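Any value given below was found using the heavy atoms of this structure, including those in side chains, with hydrogens, waters and symmetry copies removed. All figures in this text were calculated on a predicted structure; none of them were measured in a lab.
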Amino acid sequence: MNNDYDVIVAGGGLTGTVAAQAISHYSNQNLSILSIDRNPETLPGRKSNPGWTCGDACSKEAVDFMTERIKVPWTSPEIEHDVKGVMAFSPDKETAIPFDGDGYMLNRQKLPEIQNARTKKMGVNFDFEINLTGLIYDGSQVVGVQGINNKTNESYKKTAKVVVDATGVTSMLRNQLENSTRIEKKIDRRDLESTGRHIMYFDKGEEDLTEFDPDYCIIHLDQDIAPGGYGWVFPKADNKVNIGLGVEKSILDQRNKRLGKSDNVGSLMEEYLQRNKAIKNARLSQDPEDIHNNTGVFQVSVRRQNDCMVSGGYMLVGDSAWMPKPIDAGGIGPALIAGTILGKNVVDAIEANDVTEKGLWQYNLDFIEEYGYKTAGLELFRRLVQTLTNEQISYGMKHFLGNIDVESISKGEHPDFSGLTKLGMIIRGAMNKTVANGLKYTSEQNKWLVEHYRNYPKDPAGFEEWNKSLLKTLNESFVKIASFAKN
């Protein structure tokens with residue numbers, strides 16, 4: 001059939017524009033590409049009415065991965081502030097563990113403006129204010145998208161050889177997908193966190209590097225203030241901050257019952273802000289580059305990526321594929337990596353004249369090799385931490401977790417927790433034995449999971465057996481982790 005375009009990228013946010021740039025780069029601008037966004041051109045890629053709700057942090061490593069491959073540099077003003085890494089504090093603040101290395105704080109309102117201008121220069125076309133409602137099929141192949149033009153209220157249809165879904169965590173395109181049983185359509189509620197954050201200027205209060213540090217992104221683990229998630233204080237300047245927190249609803253409900261409270265994300269954010277002694281007289285930024293983005297609440301996934309990310313003519317990327325890192329919900333880094341990888345996979349498939357599920361399958365393998373191999377293990381570790389009390393987290397960070405261990409966990413490697421069972425290791429009480437056993441167990445399971453992902457099937461025919469084994473192990477692991485909390 002004659003298509004309107006070679007490729008349609010549904011969703012004009014950060015992930016979508018990186019994917020479009022990568023496709024353009026790898027095809028030497030020889031493919032026709034259309035980016036479709038539901039927002040007006042003045043607010044491209046906006047997640048929701050409050051803006052681009054996000055922690056705004058990204059590792060230098062992920063930006064370099066993109067830049068080296070598709071030759072797209074990021075500088076000021078899209079990069080607002082440099083940081084030396086992330087510092088995770090225990091609930092009692094007695095232990096701090098650094099990880100992730102050099103990184104950037106981004107301006108999420110300015111970035112899409114620059115991304116769009118850059119993407120257009122690379123020959124990509126844009127349609128704005130389009131509300132996509134579904135996909136168009138030809139037999140077992142996705143061949144386009146349909147929806148409503150919000151400006152004219154008329155029906156909208158465009159066709160392409162490949163549709164890239166970058167429409168976000170609640171993607172309607174994925175939820176209604178008709179040509180695959182391998183792609184998961186719905187996410188478990190326990191794998192979503194509600195996050196809220198403010199971008200604020202402030203007056204300096206007490207000097208306290210556990211509360212604000214211009215050189216480090218601070219994470220506070222605290223089951224009372226951010227149940228099932230964490231609070232964050234990320235610097236944008238010496239007197240400017242991205243401050244917020246994330247919670248998991250069922251754990252928040254348990255916390256409210258335990259404390260006799262009825263808090264929600266908004267009230268917890270207010271309490272978190274008020275207790276920070278380093279930040280005084282905080283006020284929402286009124287800068288032009290923040291004004292449409294200075295406060296907001298949104299949802300983010302905290303699980304492994306979708307077990308399968310392609311079907312005939314269709315590919316998932318970024319939040320649509322549940323790519324944010326399970327341990328800290330960081331979504332920008334994996335999106336840059338995945339969007340870059342996807343660009344080459346799309347071009348290779350079109351040049352081979354095979355955009356079937358099998359023809360696009362290499363994308364699964366390439367993403368897993370670069371990043372996705374570690375995410376299931378991180379999902380287990382996140383679930384373990386969510387079962388622990390503040391006292392257990394503080395004790396575990398102080399006695400069991402060193403910098404090397406956390407860096408290993410973050411990279412999906414195998415921290416050596418064998419010392420937890422050696423003679424001479426003093427574990428005070430059953431409560432802390434639970435932490436030790438949980439860490440040892442998740443480390444052992446992580447080894448199996450990484451190896452299992454290294455053996456991801458080379459074509460669709462092997463997927464069902466691979467996936468059945470994965471889900472069996474994960475479900476057994478989730479039950480085991482829950483049992484530690486009861487002991």
Side-chain angles (χ1 to χ4, degrees), residues 1 3 5-11 15-16 19 23 36 132-147 157-188 191-192 301 303-323 334-335 338-339 341-343 345-346 348-350 352-368 372 375-376 452-453 455-472 474-475:
M1 62 182 291
N3 295 296
Y5 293 90
D6 291 312
V7 185
I8 288 173
V9 180
T15 309
I23 296 165
I36 301 173
L132 294 177
T133 56
L135 296 160
I136 301 170
Y137 300 87
D138 180 11
S140 62
Q141 281 290 117
V142 170
V143 294
V145 295
Q146 56 189 327
K157 290 186 178 182
K158 295 291 180 182
T159 59
K161 297 173 184 175
V162 177
V163 172
V164 176
D165 184 349
T167 59
V169 64
T170 58
S171 169
M172 189 178 293
L173 304 184
R174 183 199 65 233
N175 288 349
Q176 299 179 55
L177 189 67
E178 296 174 7
N179 73 336
S180 175
T181 57
R182 297 182 174 116
I183 291 176
E184 298 164 272
K185 298 174 181 63
K186 303 286 185 181
I187 190 169
D188 189 311
D191 291 326
L192 281 174
S301 63
R303 54 156 278 175
R304 67 198 185 280
Q305 69 277 353
N306 205 307
D307 293 341
C308 173
M309 299 188 294
V310 303
S311 66
Y314 175 82
M315 307 173 80
L316 287 164
V317 68
D319 287 4
S320 299
W322 307 325
M323 285 181 174
I341 290 170
L342 176 142
N345 295 134
V346 168
D348 287 349
I350 290 176
N353 199 30
D354 185 2
V355 294
T356 63
E357 179 186 50
K358 187 173 183 179
L360 297 173
W361 195 257
Q362 188 63 35
Y363 170 55
N364 284 322
L365 294 163
D366 289 350
F367 180 74
I368 284 169
T375 55
H452 192 61
Y453 269 88
N455 292 315
Y456 192 87
K458 298 293 187 285
D459 59 59
F463 178 79
E464 274 70 23
E465 183 180 346
W466 180 90
N467 194 232
K468 183 179 178 181
S469 180
L470 172 69
L471 295 179
K472 180 177 183 291
L474 284 176
N475 289 332

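- Looking only at distances, no side-chain donor or acceptor of D138 sits under 3.5 Å from a matching main-chain atom of V143.
- Among V355, N345, L360, the single residue meeting the side chain to side chain contact (heavy atoms under 4.5 Å, CB included) criterion with I350 is V355.
- Using modelled atom types, one side-chain atom of Q176 and one backbone atom of T133 make a donor-acceptor pair closer than 3.5 Å.
- Residue M323 comes nearest to P334 through the heavy atom pair O-CG, 3.4 Å, listed as atom of the first residue, atom of the second, then distance.
- In this structure, N467 CG and R182 CZ are separated by 10.0 Å, a value rounded to the nearest 0.5 Å.
- Listed for the N306 side chain is a donor-acceptor partner under 3.5 Å among the backbone atoms of E184.
- When side chains are defined from C-beta on, L342 counts as touching I23, because their heavy atoms get closer than 4.5 Å.
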Please tabulate, for side-chain N and O atoms in residues 314-322, each donor-acceptor pair with protein atoms closer than 3.5 Å (sequence neighbours left out).
unit_1: Y314; atom_1: OH; unit_2: D165; atom_2: OD2; d: 2.5
unit_1: Y314; atom_1: OH; unit_2: R174; atom_2: N; d: 3.4
unit_1: S320; atom_1: OG; unit_2: D165; atom_2: O; d: 3.4
unit_1: S320; atom_1: OG; unit_2: D165; atom_2: OD1; d: 3.2
unit_1: S320; atom_1: OG; unit_2: T167; atom_2: N; d: 2.9
unit_1: S320; atom_1: OG; unit_2: G168; atom_2: N; d: 2.8
unit_1: S320; atom_1: OG; unit_2: G168; atom_2: O; d: 3.3

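- Partner S301 forms a side chain to side chain contact (heavy atoms under 4.5 Å, CB included) with one of I187, T170, D191 and no other, that one being I187.
- One distance of note links CD of E178 with OG of S140; it measures 12.0 Å at 0.5 Å rounding.
- When all heavy atoms of Q141 and T356 are compared, the closest pair comes out as OE1-CA, 3.3 Å.
- Taking all atoms of both residues into account, the shortest heavy-atom contact from S180 to E357 is OG-OE2, 4.5 Å.
- Taking all atoms of both residues into account, the shortest heavy-atom contact from W361 to K458 is CD1-O, 3.3 Å.
- Within 6.0 Å of the NZ atom in K185, the count of heavy atoms belonging to other residues, nucleotides or ligands exceeds 12.
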Query - I136/K157 under side-chain contact (heavy atoms from CB on, under 4.5 Å): CA gap, chis, key distance, verdict - result: CA-CA 8 Å; I136 301 170; K157 290 186 178 182; 4.1 Å; yes
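- Atoms CD and OH, from Q305 and Y453 in turn, are 5.5 Å apart once rounded to the nearest 0.5 Å.
- The 12-atom threshold is exceeded at CG of N475, counting heavy atoms of other residues, nucleotides or ligands nearer than 6.0 Å.
- Shown here for D307 and Y456, the closest heavy-atom pair between the two residues is O-OH, 2.8 Å.
- Considering every non-hydrogen atom in both M309 and I183, the closest pair reads C-CD1, 4.2 Å.
- Note: D459 CG to N364 CG = 11.5 Å, rounded to the nearest 0.5 Å.
- Atoms CG and OG, on L135 and S311 in that order, are 8.0 Å from each other to the nearest 0.5 Å.
- Under the 4.5 Å side-chain criterion, counting only non-hydrogen atoms from C-beta, Y137 is in contact with L177.
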